[in-house]
Every structure is written in structure tokens, then in C-alpha cells.
Amino acid sequence: MIPTIPQSRAFRAVYGGYVILFFIYLALPLTVVAVFAFNDSQFPSLPWEGFTWNWFFGDERPQIGVFHERGILRAVGTSAFVAACVAALSVFVGTTNAFLFNRYEFRGKGLLYVLMLLPLVIPGIVLGISILVFSSTLANGIWDIAQMDIEALRPGLLLVILGQFSFITTIATLVISARLQKFDRTLEEAALNLGADHLTAVRTITLPFLAPAIIGAVVVAFLMSFENFNTTLMLVGSDAPLTIAMFDRLKEGSTPLLNAVSLLLMLGSSLLALMAVLFQRRT
Amino acid sequence: MRNQSRIAFLLLLTPLVLWLGLLIIIPHIDMLLLSLRERISFGVYERSFVQYEKALTEPLYLRTFARTAVMSVLATVITLLIAFPVAYYIAKMAKGRLQQILFMLCLIPFYVSELVRTFGWMILLRETGIISNLLQWVGLADQPVELLYTDATMMVGLVYTSMLFMVVPLVTTLESLDDSVIEAGYDLGGSGLSVLREIIIPHAMPGIVAGCIVVFMLSLGNYLTPTMLGGKDSLWFTEMIYNQFIVRSNWELGAAFGFMLLVLSSVIVWGMLRLTGRTLKETMG
């Protein structure tokens with residue numbers, strides 16, 4: 001079953017047809033979401049009532065567009081803030097992890113490596129509740145001892161950030177490690193021979209080499225944080241990120257406003273992903 | 001110099017230990033302890049297994065638990081069966097530009113939030129949705145058909161959501177299979193089926209295991225798809241965890257549920273690794 005082995009025409013036609021069907025299945029829900037963002041109707045369903053931009057720019061009831069819907073805009077801001085914090089934290093720890101596992105031999109390294117991988121196989125909702133339980137144990141303990149109420153340990157943005165950070169760090173570590181393994185150590189040694197100290201050598205030689213992976217990890221972390229639902233759901237307080245805000249609206253019934261938000265999300269994340277791919281290809 | 005290296009080592013070790021300790025290990029131990037607690041009266045608690053007793057004796061809880069496990073396994077198998085021919089096509093049949101384009105097309109839905117994907121399926125499948133309208137238009141139905149809120153719909157959503165995580169590892173492992181090995185298989189008189197069984201599948205095994213583990217995990221821990229596409233009386237285990245924690249504030253029972261889900265996923269992942277003689281490090285790292 002490779003092109004050099006002759007196959008009957010019927011077989012090739014069926015196989016090709018199957019692959020085409022698969023890609024239709026893949027594209028169908030996304031296409032439908034995008035198309036109905038432009039339907040001039042109260043509901044994202046047939047019949048088609050004509051084309052409109054109102055779900056983006058409309059400023060009158062009932063068709064208030066995304067850009068005039070304050071709740072949605074605020075949620076986008078919250079998501080962007082959370083994603084930026086998560087990306088910064090997880091890429092920082094990911095980088096230190098990569099150096100640690102790449103450069104040092106120590107007792108318990110294998111065990112630590114497996115522990116580092118674990119967040120990938122813990123369901124997101126379990127990560128969420130375990131952090132919720134622990135932070136509330138801490139908060140209650142501090143209250144019992146010092147009669148102080150630490151608001152930050154109750155569900156809210158800090159916990160959302162920590163919850164997402166807890167598993168996105170693993171992914172950042174893997175992305176950065178993969179590139180660090182390809183680094184030629186003699187380059188660093190050359191810098192040392194030329195009189196640079198360790199830190200300078202790493203800063204001027206190794207980190208620039210790692211830059212594509214670090215930027216790739218930032219983009220991946222940002223996107224994963226932006227679309228995370230399960231972990232966030234358990235830790236969210238009064239400021240809801242976008243996915244949670246949209247979920248709450250969806251439960252009340254959907255309007256093409258949600259299609260418009262979704263379409264913008266698709267465009268935004270594809271653009272970001274494309275940028276990351278192009279950047280990595282260039283280097 | 002040696003001292004400096006030691007300091008550097010400790011500086012690199014600290015973030016890792018803080019992250020794993022404070023956000024992964026201690027919280028899970030705390031969750032386990034909470035699940036082993038029984039409220040006797042206001043502010044008075046005792047260690048006991050009563051939460052697990054409740055979880056294992058109440059038929060609704062047990063049924064949901066088993067159902068979630070079975071449906072997740074089923075979703076994993078279906079995803080594998082659908083993805084394998086496609087991955088093979090991308091890796092071995094398509095060449096050059098087409099290969100790259102097809103691979104990129106597989107990646108796009110992954111960058112779109114799960115909520116949007118599920119929402120798309122709702123628009124397609126609801127009573128006033130596209131497919132219902134299409135069926136009426138063709139004449140296969142004479143009134144609106146509700147396709148949402150069944151197990152089959154939920155399965156479509158689950159498979160869709162995790163498809164990418166099966167396709168990518170499969171494409172990667174299949175690409176590393178040399179065409180000449182397949183040709184040799186045919187030269188030695190193998191049929192298409194025996195080549196598939198004895199050369200292609202064994203070679204793709206690492207990708208199959210990696211894909212199956214990730215897809216199984218994602219299905220088991222999925223909340224959105226079962227809540228939005230599944231029927232009213234077809235609970236998913238994550239929904240029960242959410243209900244105990246957020247709706248009923250019964251954290252002890254919720255923690256027990258969470259721990260049961262964790263054990264279930266660990267056992268199945270461990271089992272799959274054991275069965276194929278691979279380690280977590282090889283599969284995930």
C-alpha cells in the first residue's frame with residue numbers, strides 16, 4: 001500500500017474518498033460556526049436570513065456585536081492576562097527544567113523526570129480540584145492560626161493561573177528540552193576558553209540558540225491557556241476568562257454573537273500558530 | 001568552580017521542586033486526605049472510608065464511573081480506527097506539498113478551543129440544525145429531527161475532540177517506516193493484509209500507544225462534550241465531580257470521586273504501557 005506498489009483503481013478511489021470524507025468531517029463544525037456568524041437572525045441556525053456584520057459591529061439591541069459587548073470584551077482581557085502570566089511562568093520554569101535535566105546527573109533524576117511528565121496524564125479537572133482543596137486548606141490554616149483571610153487563596157485569577165501553569169509547564173519543558181538536546185556543547189566551551197564566565201556563555205551562546213524553541217513554547221503555552229476549560233472551571237472566581245464566559249452564555253441559549261466570538265478566536269489562534277511556525281522555519 | 005556549579009544546580013532544581021511539590025504532589029495528597037474524612041458534627045471530623053463506601057455502593061455513582069470508563073475506551077478505539085488510514089495516507093501515500101498541506105489541515109482544529117468545536121456540532125445536530133434541515137430537504141425526514149443528546153452524538157464529539165492527538169503520533173511513526181521494507185514485504189509474497197499486520201502495525205506501535213493514552217485521558221477527563229452533547233440522564237464522571245464540588249459543596253465526596261478518576265486513569269495508562277513494554281518517558285517525553 002505505497003505508491004510504488006500497484007493497486008486497483010477501485011481501491012485507490014475508495015481510499016481517496018475516505019480521506020476526503022475525513023477532512024470534511026474535520027472542517028464541518030468549524031465552517032458552520034464561521035458561516036453563522038454572519039446570519040441576520042437571532043439564532044445560529046437555518047433558515048438563512050441574509051448576510052450581516054451586526055454580530056461583530058452592531059450596537060443596537062437585539063444585535064449587539066462583539067465589539068460592543070462589554071462582558072465578552074472583559075472576558076477576553078481576563079483570558080489574555082491569564083495566558084500572558086501562564087506563558088511567562090511556565091516558559092521560565094520550562095527553561096530551568098530543560099537545563100537541569102540536560103546538564104546535570106544527580107540521584108533521583110529519573111524519578112523527577114517521570115514526576116515532571118505526570119501532569120500530562122492527570123485529568124485537568126482533577127488537577128483543578130486538588131489545587132482548590134490545597135489552597136483552601138492553606139487559607140483555612142492561616143485563618144485558624146493568625147485570623148487572617150488570604151483572599152488570593154480563594155477561587156480567582158491567581159488559582160486559575162497556578163492551575164494552568166501546573167500542567168502547561170510540562171509541555172514547555174518538553175518543547176525546550178527537545179531543542180537543547182541538539183545544542184553543541186563545544187560552542188559553550190569555546191566561549192569559556194575565550195574567557196567568558198558561565199553565565200555569559202549561556203546568555204550569549206546557548207539562549208540565542210534556544211530562542212526559537214522558547215518563542216514556540218510561549219505561543220503554545222499562551223494558546224493552551226487561552227482555550228483551557230477543565231482546570232479553569234474548578235478554580236474560577238468572579239472574573240471569568242473567555243471560555244467560561246462563553247460556556248455560561250451557551251447554557252442560557254446561543255446567539256450568533258457566540259459564533260462571531262468563535263470566529264475571531266479561530267482567526268486569532270491560527271494567526272498566532274502560523275507566526276510560530278514561520279518563525280521556527282526561518283531559524 | 002565546583003561550588004559555583006553546585007549553586008547553579010540548586011538554583012535550577014528549586015523551581016522544579018516548588019512547582020511539583022506545591023502544585024502537583026502536596027495538593028494530590030491533600031485531596032486524598034480530604035476524601036478520607038467524615039464530618040461528624042460542626043468542625044469535628046474523623047478519618048474514615050465512608051466517602052468511598054458511598055461512591056461504591058450508590059448505583060448511580062458506580063454506573064456513571066463504569067460508563068465513563070467504557071465510553072472512553074470505546075472513543076479511543078473508534079478514534080484509532082478512523083485515524084489510522086488517514087495517518088497512513090498522509091505519511092505514505094501523499095507526497096511533497098500535498099503531504100504538508102494535509103498535515104497542516106489536521107492541526108488547525110487543535111488550535112481552536114474545544115468550546116467552539118462542540119458549539120459547531122450543536123449547530124449541526126440540533127433540532128433546527130443543518131443536518132436536520134438537510135434530511136428534511138432530501139426527503140429522508142418529514143419533520144425536524146433531534147440528533148443531540150444521545151450517546152452516539154456524544155461519541156461523535158469525543159472522537160472529534162481528540163482526533164488530532166491520534167493522527168499526529170501515528171503520522172510521525174509511520175513516516176519513519178522505510179518504503180523499501182514495505183516493498184520487501186510484498187516481494188516476499190505478502191498480501192496487503194499480511195504486510196499491514198506484520199510490518200506496518202508493529203512499526204507504528206509506539207505511535208498507537210502514545211495516541212491511545214492521550215485520547216483515552218482526554219475523553220475520560222472531558223467535561224464540555226458530555227455535558228453539552230450528551231443526554232440529560234447520561235452523566236459523565238467529571239460532571240459528578242463538578243456537581244459535588246461546586247453545586248453541592250460536598251468536597252469530601254467530590255475528592256473521593258476525583259481520586260477514583262485519577263486511579264482509573266493511572267491504572268489504564270499503566271496497563272497500556274505494561275502491555276506494550278514501554279515506559280512513560282519513551283511515550284510522553
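Residue numbers begin at 1 in each chain, while the letters A, B, ... track the order of the sequences. Quick caveat, the model's predicted, so the values are computed rather than measured.
In this structure, chain A has a heavy atom under 4.5 Å from the side chain of B/Ile24, while its backbone stays farther away. Neither the backbone nor the side chain of A/Phe226 comes within contact range of chain B; no heavy atom of the residue lies under 4.5 Å from a heavy atom of that chain. Heavy atoms of A/Leu100 lying under 4.5 Å from chain B belong to its backbone as well as its side chain. Only the side chain of B/Val167 comes within contact range of chain A, judged by heavy atoms closer than 4.5 Å. Both the backbone and the side chain of A/Ile131 have a heavy atom closer than 4.5 Å to some heavy atom of chain B. Looking at B/Tyr89, the atoms closer than 4.5 Å to chain A (heavy atoms on both sides) sit in the backbone and in the side chain alike. If you measure heavy-atom distances from A/Tyr104 to chain B, the contacts under 4.5 Å come from the side chain alone. Contact of B/Leu105 with chain A is made through backbone and side chain together, with heavy-atom distances under 4.5 Å. For A/Thr170, the parts lying under 4.5 angstrom from a heavy atom of chain B are both the backbone and the side chain. With a threshold of 4.5 angstrom between heavy atoms, A/Leu263 does not approach chain B through any atom at all. Heavy-atom distances place no part of B/Val17 under 4.5 Å from chain A, backbone and side chain included. When heavy atoms are compared at a cutoff of 4.5 Å, B/Thr238 approaches chain A by way of both its backbone and its side chain. Heavy-atom distances place no part of A/Leu199 under 4.5 Å from chain B, backbone and side chain included. With a 4.5 angstrom heavy-atom cutoff, A/Phe23 touches chain B only via side-chain atoms. For chain B, the nearby part of A/Leu265 is the side chain; its heavy atoms alone come within less than 4.5 Å. For A/Leu89, no part sits under 4.5 Å from any heavy atom of chain B, backbone or side chain. Of the two parts of B/Leu34, only the side chain, counted from C-beta on, holds a non-hydrogen atom closer than 4.5 Å to a non-hydrogen atom of chain A. At a 4.5 Å heavy-atom cutoff, the contact between A/Leu250 and chain B is made by side-chain atoms alone.
Between A/Ser262 and the options A/Leu267, A/Leu257, A/Val33, a side chain to side chain contact (heavy atoms under 4.5 Å, CB included) holds for only A/Val33.
Of the residues considered (B/Leu220, B/Leu164, B/Leu124), B/Leu124 shows the highest number of contacts with chain A, using heavy-atom pairs under 4.5 Å. In terms of heavy-atom pairs under 4.5 angstrom with chain B, the leader among A/Val261, A/Leu233, A/Leu272 is A/Leu233. Your options are A/Lys251, A/Met246, A/Met224, A/Met116, and the one with the most heavy-atom pairs under 4.5 Å with chain B is A/Met116. Of the listed residues (B/Pro85, B/Pro15, B/Gly221), the one with the most heavy-atom contacts under 4.5 Å to chain A is B/Pro85. Counting heavy-atom pairs closer than 4.5 Å to chain A, the top-ranked of the candidates B/Leu18, B/Leu261, B/Ile29 is B/Leu261.
Residues A/Thr232 and A/Gln164 bring a donor and an acceptor atom of their side chains to less than 3.5 Å of each other. A donor-acceptor pair shorter than 3.5 Å cannot be found between the side chains of A/Ser225 and A/Asn228.
Within 6.0 Å of CG on B/Leu193 lie no more than 12 heavy atoms contributed by other residues, nucleotides or ligands. Atom CZ of A/Phe92 has 12 or fewer neighbouring heavy atoms from other residues, nucleotides or ligands inside a 6.0 Å radius.
The minimum heavy-atom distance between B/Phe216 and B/Met272, with the atom names listed, is CB-CE, 4.4 Å. Summarising the geometry of A/Leu26 relative to B/Cys106, their closest heavy-atom pair is CD2-CA, 3.8 Å, with the distance given to 0.1 Å.
A/Thr95 places a side-chain heavy atom less than 4.5 Å from the side chain of A/Phe99. Side-chain contact check for B/Leu229 versus B/Tyr160: every heavy-atom pair is 4.5 Å or farther apart.
Aromatic ring orientation, B/Tyr223 versus A/Phe247: perpendicular (interplanar angle above 60°, classes split at 30° and 60°).
Looking at B/Trp236, its side chain never comes within 3.5 Å of a backbone N or O of B/Thr68 through a donor-acceptor pair. Of the possible polar contacts, none joining the A/Thr169 side chain to the A/Val93 backbone as a donor-acceptor pair under 3.5 Å is found.
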> Step by step, would you call B/Trp121 with A/Tyr25 a ring-ring contact (aromatic ring centres under 6.0 Å, His included)?
Replying inline: CA-CA 10 Å; B/Trp121 282 112; A/Tyr25 165 72; 5.7 Å; yes
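The structure places CD1 of B/Ile90 at 5.5 Å from CG of B/Leu102, a figure rounded to the nearest 0.5 Å.
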